[in-house]
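Reviewing the structure listed below.
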Amino acid sequence: MTARTFSSPIFVKDVDQAILQIATVTDALGFLAKWPEQRRGPIYNTAMRACHAAREDRLSVDGARNAFAGFARSVGIREPEAAPIEPWMVTSKRGRMPL
């Protein structure tokens, strides 16, 4: 079984409010498996089916990514994509730019 990498990762908050990067179908399935049963519903089921279908080559990886992103958005755990930190964005403790 391959990881089936998403075209771009999805960032979500877990139950401890930690931000996780979901970058593969396997990551998404692992996250969904840990989702509390009492909070599962039709959108959860759709995301789970889509990820299983992508793992079995019955759906595109993008299709699974979209389903997982929709689930994350619907339950309010989707985070904006993290922007890379460039060297020019970093300041020293004194507020001056590093040389």
Side-chain angles (χ1 to χ4, degrees):
M1 175 173 67
T2 62
R4 310 288 309 210
T5 304
F6 291 160
S7 56
S8 63
I10 297 170
F11 295 90
V12 296
K13 281 187 187 174
D14 69 4
V15 294
D16 297 323
Q17 300 300 305
I19 297 176
L20 303 175
Q21 176 179 295
I22 307 298
T24 67
V25 171
T26 301
D27 292 346
L29 283 168
F31 185 89
L32 291 168
K34 294 176 186 172
W35 191 250
E37 286 188 36
Q38 67 274 18
R39 293 190 63 199
R40 297 177 183 183
I43 298 173
Y44 166 89
N45 291 331
T46 298
M48 185 64 94
R49 282 194 312 273
C51 289
H52 279 294
R55 185 177 65 181
E56 297 164 1
D57 291 326
R58 294 183 292 114
L59 180 69
S60 71
V61 174
D62 280 340
R65 183 190 182 283
N66 291 340
F68 182 81
F71 159 75
R73 220 178 2 263
S74 75
V75 295
I77 61 169
R78 178 104 190 246
E79 287 293 307
E81 200 168 307
I85 297 175
E86 300 292 338
W88 61 267
M89 297 175 167
V90 179
T91 61
S92 68
K93 290 183 182 180
R94 293 184 177 174
R96 289 189 242 154
M97 297 299 289
L99 299 177

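Just so we're clear, the structure is a prediction, and the values are computed from it rather than from any experiment.
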Let me have the donor-acceptor pairs involving side chains of residues 65-72, under 3.5 Å, with sequence neighbours excluded, atom names and distances please.
{"unit_1": "Arg65", "atom_1": "NE", "unit_2": "Ser8", "atom_2": "O", "d": "2.7"}
{"unit_1": "Arg65", "atom_1": "NH2", "unit_2": "Ser8", "atom_2": "O", "d": "3.4"}
{"unit_1": "Arg65", "atom_1": "NH2", "unit_2": "Ser8", "atom_2": "OG", "d": "3.0"}
{"unit_1": "Asn66", "atom_1": "ND2", "unit_2": "Asp62", "atom_2": "O", "d": "3.3"}

[X] [atom1] to [Y] [atom2] distance, which is reported to the nearest 0.5 Å:
| X | Y | atom1 | atom2 | answer |
| --- | --- | --- | --- | --- |
| Leu29 | His52 | CG | NE2 | 5.0 Å |
| Gln17 | Glu79 | CD | CD | 8.5 Å |
| Arg4 | Glu56 | CZ | CD | 11.0 Å |

Please tell me whether Phe6 and Leu59 are part of a single hydrophobic cluster in this structure, the criterion being side-chain heavy atoms less than 4.5 Å apart.
no

Taken in chain and number order and not counting sequence neighbours, the residues that satisfy side-chain contact (heavy atoms from CB on, under 4.5 Å) with Leu20 are Val12, Asp14, Phe31

On a heavy-atom basis, the closest approach of Ala64 and Val25 is CB-CG2, 4.3 Å

Q) So which heavy atom on Cys51 is nearest to which on Leu32, and how close? A)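 Taking every non-hydrogen atom into account, SG-CD1, 4.2 Å.
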
Side-chain donor-acceptor contacts of residues 35-43 below 3.5 Å, not counting sequence neighbours, with atom names and distances?
{"unit_1": "Trp35", "atom_1": "NE1", "unit_2": "Arg39", "atom_2": "O", "d": "3.3"}
{"unit_1": "Arg40", "atom_1": "NE", "unit_2": "Trp35", "atom_2": "O", "d": "3.0"}
{"unit_1": "Arg40", "atom_1": "NE", "unit_2": "Tyr44", "atom_2": "OH", "d": "3.4"}
{"unit_1": "Arg40", "atom_1": "NH2", "unit_2": "Ala33", "atom_2": "O", "d": "3.1"}
{"unit_1": "Arg40", "atom_1": "NH2", "unit_2": "Trp35", "atom_2": "O", "d": "2.8"}

